[in-house]
Amino acid sequence: MSGIYKPLIIGLGVVSVVLCIWIVHKLRILEAQPVFGSIEPFSLIAYLFWLTKEIGKADWAVTKVILSPDIPDDQRLIAVPTRQKTDFGRMIFANSITITPGTITVETEEDRFIVHALNKAAADQESLGDMNDRVAATEWKARAGGEL
Amino acid sequence: MQSFVVDILSWACMLSGGFFLLVGALGTIRLPDFWSRLHAVSIIDSAGAGLILLGLMLQAGLTLIMVKLVIIVIFLMITGPTASHAVANAAFVSGSRPRNMVEDVTEETSVSPEAKA
Amino acid sequence: MFVFATVTICIAMAVVLIRLFVGPTLYDRVLALNTFGTCTVLFIGVVGFLFERPDFLDIALLYALINFVGTIAVLKFFRYRRLGDSREEREMIMETPQTKQTAGDLR
């Protein structure tokens, strides 16, 4: 990171990495579902490009709401069912909802999220369902149905 | 010629990023209650930070600096939504509800009815 | 260009600070604090470019991490009124039935 590649600096880096791995192993917080086995990297990258486009559109919509003279008065809490099979997929879906302006994931339950939406356009169940399907499509099919 | 095009793109990114930052900051002042302010903050987190860091990346070129900028973008994109979800969830659990709600799926399970007023 | 970005970020930070002081509820303040931290990360990065010292980006990265951890710590403190969990507190949590599963996972 610093552009210095002396053996002392590299050695200190290796030592701290090993120390971190030892501590995490001792804390036993890695016994949940494996993270990197549950998602396909390439379709995840394709999904991120699509998500960037959606964020741009939602940004513009919320900007118009903020700059409009009348104050928004139709907030709502809606329930969104999740179709992901793995925890990592659900995490990506919840973060995608939250990072898109206009919708915030408020509460996560077993098979649905409670989502707070700013106005009627943001509470569109069809676009949320579209995002839901796309996240579910990035999951690793061969393993997602199995013991994960 | 090429650096000229890169400069123009970088200018565009910086200008629009600054615009979104100002809009988000204005939203934190103007919007009426906590739940709508969350969305203004979301604009700052996604559009403002992303566009300004993209402008810096275009200035940096393909160097070690760009790698650092990419890492910063990844961190902001992961921690920003997580932090705002944590704030929203804490407010939700403590019984706060948005005012003037049109539609509410949690009405029957609401803990404190007077908080909805 | 960098001067323009710096001035913009400064204005945004000042406006967010107003919300931080005015904010009627605790959550408004925590949210404004988090936003202020994000603006600070941008500010450090842009100022590093402005003075042509890109080493500032390391500091910005570190600040992003500490900002996130700080927000979560403040929220956790106001929810549970403590920061860590000692042995007797964990046993107290395990006695309540609905959190038994969570406490069991923690072990």
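Note that the coordinates shown come from a computational prediction; the quantities given were computed from them, not determined experimentally. Within every chain, numbering begins at 1; the chains are lettered A, B, ... in the order of the sequence lines, protein sequences first and strands thereafter.
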Highest number of heavy-atom pairs under 4.5 Å with chain A: which of B:Val41, B:Asn89, B:Val87? B:Asn89

Is B:Asp45 close to chain A through its backbone or its side chain, or both, or neither, when contacts mean heavy atoms under 4.5 Å? neither

Here the gap from B:Leu38 atom CG to A:Thr103 atom OG1, rounded to the nearest 0.5 Å, amounts to 11.0 Å

Of the listed A:Thr63, A:Thr108, A:Ile97, the one with the largest count of heavy-atom pairs under 4.5 Å with chain B is A:Thr63

Nearest atoms (heavy-atom pairs only) where A:Pro101 meets B:Ser42: CA-OG, 3.5 Å

What part of A:Thr100 gets closer than 4.5 Å to chain B, counting heavy atoms only: side chain, backbone, both or neither? backbone

Rounded distance [0.5 Å steps], CZ in B:Phe92 versus CD1 in A:Ile114: 4.5 Å

Show your working on side chain to side chain contact (heavy atoms under 4.5 Å, CB included) between B:Trp35 and A:Ile104 and close with a plain yes or no. CA-CA 9 Å; B:Trp35 293 89; A:Ile104 298 270; 6.0 Å; no

Under 4.5 Å from any heavy atom of chain B, what part of A:Ile55 do you find: side chain, backbone, both or neither? side chain

Side chain to side chain contact (heavy atoms under 4.5 Å, CB included) between B:His85 and A:Asn95, worked out: CA-CA 8 Å; B:His85 163 73; A:Asn95 259 358; 5.8 Å; no

Count the heavy atoms of every other residue, nucleotide or ligand shown that sit under 6.0 Å from CH2 of A:Trp50, and state whether that count exceeds 12. yes

Please identify, among A:Leu67, A:Asp59, A:Thr98, the residue contributing the most non-hydrogen atom pairs under 4.5 Å to chain B. A:Asp59

Which residues from residues 20-30 of chain B are near chain A, with near meaning under 4.5 Å between non-hydrogen atoms? B:Phe20, B:Val23, B:Leu26, B:Gly27, B:Arg30

